[in-house]
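Computed from heavy atoms alone, side chains included, the values below leave out hydrogens, waters and symmetry copies. Quantities reported herein were computed from a predicted structural model and do not represent experimental measurements. Letters A, B, ... are given to chains in the order of the sequence lines, protein chains preceding strands, and every chain is numbered from 1.
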2 protein chains.
Amino acid sequence: MSRPLRADAQRNRARVLQVAAETFAKEGLSVPVHEIARRAGVGTGTVSRHFPTKESLFEAVLLERMAQLVRTASERAGDDEPGEAFFGFFSRMVEEGAANKGLVDALAGAGYDFHATAADPSHDVMGAWGRLLRRGQDAGAIRADVDMADVKALLAGCLDRERDALDPAARARMLAIVRRGLGA
Amino acid sequence: MSRPLRADAQRNRARVLQVAAETFAKEGLSVPVHEIARRAGVGTGTVSRHFPTKESLFEAVLLERMAQLVRTASERAGDDEPGEAFFGFFSRMVEEGAANKGLVDALAGAGYDFHATAADPSHDVMGAWGRLLRRGQDAGAIRADVDMADVKALLAGCLDRERDALDPAARARMLAIVRRGLGA
DNA sequence: TAAAATACGGGACGACCGTCCCGGTTAATC
DNA sequence: GATTAACCGGGACGGTCGTCCCGTATTTTA
């Protein structure tokens with residue numbers, strides 16, 4: 001066991017984490033670590049001590065969100081309408097991506113792998129979502145032959161649609177297309 | 001007007017273009033220009049003289065393919081089944097992307113813009129494809145509210161599905177989903 | 001075949017970025 | 001309030017990559 005962090009270290013860590021979350025969400029993963037340090041008002045060394053690599057920083061940012069999304073998915077797991085549960089969560093993920101460019105980059109880019117967080121069940125979004133998919137398929141609401149890789153690709157497509165500018169009408173249209181496309 | 005290129009310059013230019021096409025297709029746009037020069041057996045200066053920037057090199061590579069795809073689309077423009085014409089070309093584009101990682105990178109990444117080639121009608125793939133879309137919509141075979149940005153996003157999704165490994169079954173499944181999703 | 005124009009090769013340069021390190025500082029402990 | 005351990009800041013380092021330049025080589029022209 002290690003001793004608790006010193007008070008200033010705790011403050012800085014939290015501050016970096018928050019700034020990183022906001023920055024990655026707004027501008028994507030291409031933002032330099034130096035820039036995040038600058039915005040957080042700390043030195044680059046402080047960032048890299050708490051988060052040895054850029055990937056570990058982003059992973060830490062993602063973990064909180066992931067846990068929340070897994071809870072959302074789990075809540076829908078007992079829904080009366082399995083199809084609605086699945087598509088509702090799909091819609092939720094599109095919203096999440098629209099508000100988080102970093103997530104989109106991680107999903108699209110070959111660089112970062114946000115499946116790395118799946119080791120812990122409480123962060124395994126794809127696993128939780130996969131259960132919704134299975135239920136929907138068992139209930140006959142979703143094509144039986146699709147898998148989560150297909151779903152992930154369709155999500156990537158929906159997010160790609162709004163890369164340049166957020167467009168509620170286009171989002172609704174894409175969701176309608178996916179919904180019909182995936183229907184049994 | 002400028003005088004014709006010297007014979008050796010013509011040879012080198014063609015050689016670079018061919019090597020670049022193969023390399024970008026196989027490995028994507030992240031391949032360094034130095035590497036393309038090396039594989040073509042020329043110096044980096046020779047590449048950058050013919051193609052001042054990496055983007056201009058890729059654009060030159062793309063132009064040939066684009067012209068061919070536009071012809072393919074135009075051939076389908078008079079098809080008896082407007083819906084089939086559109087979806088057939090969609091399928092054609094998915095195949096193209098599967099065989100050309102550079103194209104996928106250009107489509108997905110914010111870096112390169114392959115719409116830049118659209119200035120010349122004979123290279124305007126989206127324009128030609130858009131005419132197929134319109135005909136399909138007028139014929140009642142495709143949802144009336146979708147636009148080419150939606151189509152492009154769905155294409156990106158289909159290509160995303162095969163990023164890690166080519167999978168004919170998954171490709172057919174994705175196409176079926178898109179086909180149903182876009183149906184009127 | 002000699003002179004002039006053109007092109008070649010590949011090293012150099014500059015920009016960017018992630019990571020590491022060290023002299024100085026601050027918080028915890030007694 | 002002094003000692004010690006932990007932490008901070010930000011410059012330095014190493015790597016990558018695109019672009020440019022210049023001494024040399026080759027082709028074209030007369």
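Distance B:Asp8 CG to D:dT24 C1': 14 Å, rounded to the nearest Å. Regarding A:Glu55, its CD atom lies at a distance of 14 Å from the C1' atom of C:dT19, rounded to whole Å. What separates CD of A:Glu35 from P of C:dG18 is a distance of 11 Å, to the nearest Å. Remark: C1' of D:dT26 and CZ of B:Arg49 are 12 Å apart, rounded to the nearest angstrom. A straight line from CD of B:Glu59 to C1' of D:dG18 spans 17 Å, rounded to a whole angstrom. Here the P atom of nucleotide C:dC20 and the NE2 atom of A:His50 are 15 Å apart, to the nearest Å. A:Leu5 has its CG atom 11 Å from the P atom of C:dA28, to the nearest Å.
In terms of position on DNA chain D, the residue among B:Ala7 and B:Pro32 whose nearest nucleotide sits closer to the 5' end is B:Pro32.
A:Phe51 is linked by a ring pair (Phe, Tyr, Trp, His ring centres under 6.0 Å) to nothing, counting only residues two or more places apart in sequence or in another chain. Residues that satisfy the side chain to side chain donor-acceptor pair (under 3.5 Å) test with B:Glu95, not counting sequence neighbours, are absent from this structure. Shown here are the side chain to side chain donor-acceptor pair (under 3.5 Å) partners of B:Arg179, two or more places apart in sequence or in another chain: B:Glu84.
The nucleotide whose nearest atom lies closest to any side-chain atom of A:Thr53 is, among C:dT19, D:dT28, C:dT26, C:dT19. Residue A:Val33 places its side chain closer to C:dG18 than to any other of D:dC8, C:dG18, C:dG9. Considering only side-chain atoms of B:Ser48, the nucleotide from C:dC8, D:dC20, D:dC7 that sits closest is D:dC20.
Put simply, the side chain of A:Glu162 never gets that close to the backbone of A:Ala170: no donor and acceptor are under 3.5 Å apart.
B:His34 contributes no side-chain N or O that forms a donor-acceptor pair with the base of D:dT16 under 3.5 Å. Remark: the A:Arg6 side chain and the C:dT26 base include a donor-acceptor N/O pair separated by less than 3.5 Å.
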Could you give the side-chain donor-acceptor pairs of residues 72-83 of chain A under 3.5 Å, partners two or more places apart or in another chain?
unit_1: A:Thr72; atom_1: OG1; unit_2: A:Gln68; atom_2: O; d: 3.1
unit_1: A:Ser74; atom_1: OG; unit_2: A:Val70; atom_2: O; d: 2.9
unit_1: A:Asp79; atom_1: OD1; unit_2: A:Glu81; atom_2: N; d: 2.8

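Taking the side chain as every heavy atom from C-beta outward, B:Arg131 and B:Arg134 never approach each other to under 4.5 Å.
In terms of phosphate contacts, B:Arg3 brings a side-chain nitrogen or oxygen within less than 4.0 Å of OP1 or OP2 of C:dT6.
Across residues 10-22 of chain A, A:Asn12 each have a non-hydrogen atom less than 4.0 Å from an atom of DNA chain D (numbered order). DNA chain D is contacted by A:Gly41, A:Val42, A:Gly43, A:Thr44, A:Gly45, A:Thr46 of residues 36-47 of chain A, taking any non-hydrogen atom closer than 4.0 Å.
More than 12 heavy-atom neighbours from other residues, nucleotides or ligands sit within 6.0 angstrom of CD on B:Glu22. Open room surrounds CZ on B:Arg15; 12 or fewer heavy atoms of other groups in view lie less than 6.0 Å from it. Within 6.0 Å of CZ on B:Arg180 lie more than 12 heavy atoms contributed by other residues, nucleotides or ligands.
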